[in-house]
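The next block holds one structure in the form of structure tokens; read it before the comments.
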Amino acid sequence: MDGRYGLWTSRRSWPTEASAIADAAAEIEALGYGSIWIGGSPPDDLALPGAILAATTRLVVGTSIVDIWRSDPATLSASVTRLRSAHPGRFYLGLGMGHAPSTEAIGQQYVRPLSKLRGFLEELPDVPASERLLAALGPKALELASTAAAGALPYLVPPEHTADARRILGPGKLLIPEQKIFLGTDPAAARAAGRHGTTIYLGLPNYTKNLLRYGLTNEDFAGDGSDRWVDTLVAWGSDDSVRARVEEHFTAGADHVALQVLSANPEPHLPLPEIRTAAGVFLAA
């Protein structure tokens, strides 16, 4: 994929009209971003990634991630085959183990998720390992990403995790962490935006247990999260300080960083004004 920076976006933030999706995707490509990653458990028809690919010519598009508990392997495999045929070399299938609360909410037991992921991968024989990535946080999941995929898509992680992930993955594997950013120096505004973008994860043990390895404590997970919780997960401040924080991921071994651009506007929309500003900070020649 081109360049060092992509965008991480929730599927729910994208417009529903086909023309609006196409316009937004074309603008993001024109701004110079190298990739778009679709989060929020996109469905296995891969309709949104397909629409973004169809509206662009260079962007790499990936899922970050398809939830294996909510997807049918046969449907997903057919969808990937369709995108690979129409847009060769431009799509990565990101897969993940989901979370206990959301899995149990659909009537399934969240047991042996890593074994579930291994089995799911075996049901995708038509999806090359070189074109799939895993949402890996812990050492065992990262080891699986090193042997059964092109690499890893860690989410909600500090640069210290990126260093550990690179050590486990080894050289030659893609490592694309997500990093939330807020371009602004007012602590209250930055932390308000940060809490809006992170509070949901306080109830997901996969994330909180992982972050205990990196200096956070159970006290940081109380309420809407401590200031340290926000400051660990959101790069905010001056343009130079935000760039420096993202650069730490590259120093730690990242190949590409998926920027999740936060907005002071809490509405669930694609924050194009802030995405444009971020392009000036990260992509200006």
Side-chain angles (χ1 to χ4, degrees), residues 1 6-14 21 25 35-54 59-87 89-138 141-142 144-145 147-157 173-178 200-201 204 206-207 256 258 260:
M1 65 195 75
L7 285 178
W8 190 99
T9 64
S10 170
R11 67 180 177 90
R12 297 175 182 85
S13 70
W14 283 80
I21 292 172
S35 62
I36 293 177
W37 302 91
I38 309 299
S41 301
D44 51 20
D45 64 6
L46 301 180
L48 178 57
I52 295 170
L53 285 164
L59 273 177
V60 168
V61 179
T63 54
S64 182
I65 48 72
V66 169
D67 186 341
I68 59 173
W69 301 92
R70 295 170 176 265
S71 302
D72 173 68
T75 301
L76 183 61
S77 183
S79 298
V80 173
T81 297
R82 184 183 73 251
L83 296 187
R84 291 182 66 226
S85 176
H87 311 283
R90 294 181 56 211
F91 178 73
Y92 280 98
L93 175 64
L95 293 165
M97 296 177 282
H99 301 276
S102 57
T103 301
E104 291 165 2
I106 60 172
Q108 298 196 54
Q109 289 187 317
Y110 191 76
V111 294
R112 299 178 61 84
L114 196 59
S115 294
K116 170 78 171 178
L117 178 56
R118 287 194 185 98
F120 197 94
L121 291 172
E122 292 173 0
E123 295 186 74
L124 299 175
D126 296 329
V127 181
S130 61
E131 296 182 22
R132 63 194 188 198
L133 296 161
L134 302 186
L137 294 176
L142 286 162
L144 181 61
T147 60
L153 292 169
Y155 185 84
L156 206 72
V157 295
K173 290 292 182 177
L174 284 174
L175 178 54
I176 307 174
E178 173 268 353
I200 188 174
Y201 305 117
L204 300 178
N206 288 3
Y207 292 128
H256 196 75
Q260 183 175 171

Residue pair R84 / D126: nearest heavy atoms and the distance that separates them: NH1-O, 3.5 Å
Heavy-atom check, side chain of R132 versus side chain of L121, under 4.5 Å: yes
Exercise: identify the closest heavy-atom pair between S130 and Y92: O-CE2, 3.5 Å
side-chain contact (heavy atoms from CB on, under 4.5 Å) assessment of L134 paired with L95: CA-CA 5 Å; L134 302 186; L95 293 165; 4.1 Å; yes
Straight-line distance of D44 CG to T75 OG1, nearest 0.5 Å: 5.0 Å
Donor-acceptor contact present, side-chain R70 to main-chain S102, <3.5 Å: yes
Value rounded to 0.5 Å, distance of NE2 in H87 from CZ in R82: 8.5 Å
Plane angle bin for Y155 and Y207 - parallel if under 30°, tilted between 30 and 60°, otherwise perpendicular: tilted
Main-chain N/O of A149 paired with K173 side-chain donor or acceptor, under 3.5 Å: yes
Option passing side-chain contact (heavy atoms from CB on, under 4.5 Å) with P49 (candidates L93, I36, V61): V61
T63 side chain reached by F91 side chain, heavy atoms, under 4.5 Å: yes
Side-chain donor or acceptor of N206 paired with backbone N/O of G98 under 3.5 Å: yes
Distance in Å, L7 CG paired with S64 OG, rounded so as to fall on 0.5 Å steps: 12.0 Å
Value rounded to 0.5 Å, distance of CD1 in I68 from CG in L76: 11.0 Å
Heavy-atom closest pair, residues P101 and L204: CG-CD2, 3.9 Å
Heavy-atom closest contact (P125 atom, E122 atom, distance): CD-O, 3.9 Å
Contact summary for A135 and G96, nearest pair of heavy atoms: CB-CA, 4.1 Å
Side chain proximity check, R90 to L59, heavy atoms < 4.5 angstrom: yes
I52 side chain reached by I38 side chain, heavy atoms, under 4.5 Å: yes
Heavy-atom closest pair, residues S13 and S10: OG-O, 2.7 Å
I106, CD1 atom: more than 12 neighbouring heavy atoms under 6.0 Å: yes
Flag side-chain contact, heavy atom, 4.5 Å: L153 against E178: no
Point-to-point distance, once rounded to the nearest 0.5 Å, from CG of L137 to CG of L156: 8.5 Å
Worked check of side-chain contact (heavy atoms from CB on, under 4.5 Å) between Y110 and M97: CA-CA 9 Å; Y110 191 76; M97 296 177 282; 3.9 Å; yes
4.5 Å side-chain heavy-atom contact, S35 and H256: yes
Atom pair CH2/NE2 of W69 and H99 - distance to nearest 0.5 Å: 12.5 Å
V80 side chain near L124 side chain, heavy-atom distance below 4.5 Å: no
Non-hydrogen side-chain atoms of V66 and F120 separated by less than 4.5 Å: no
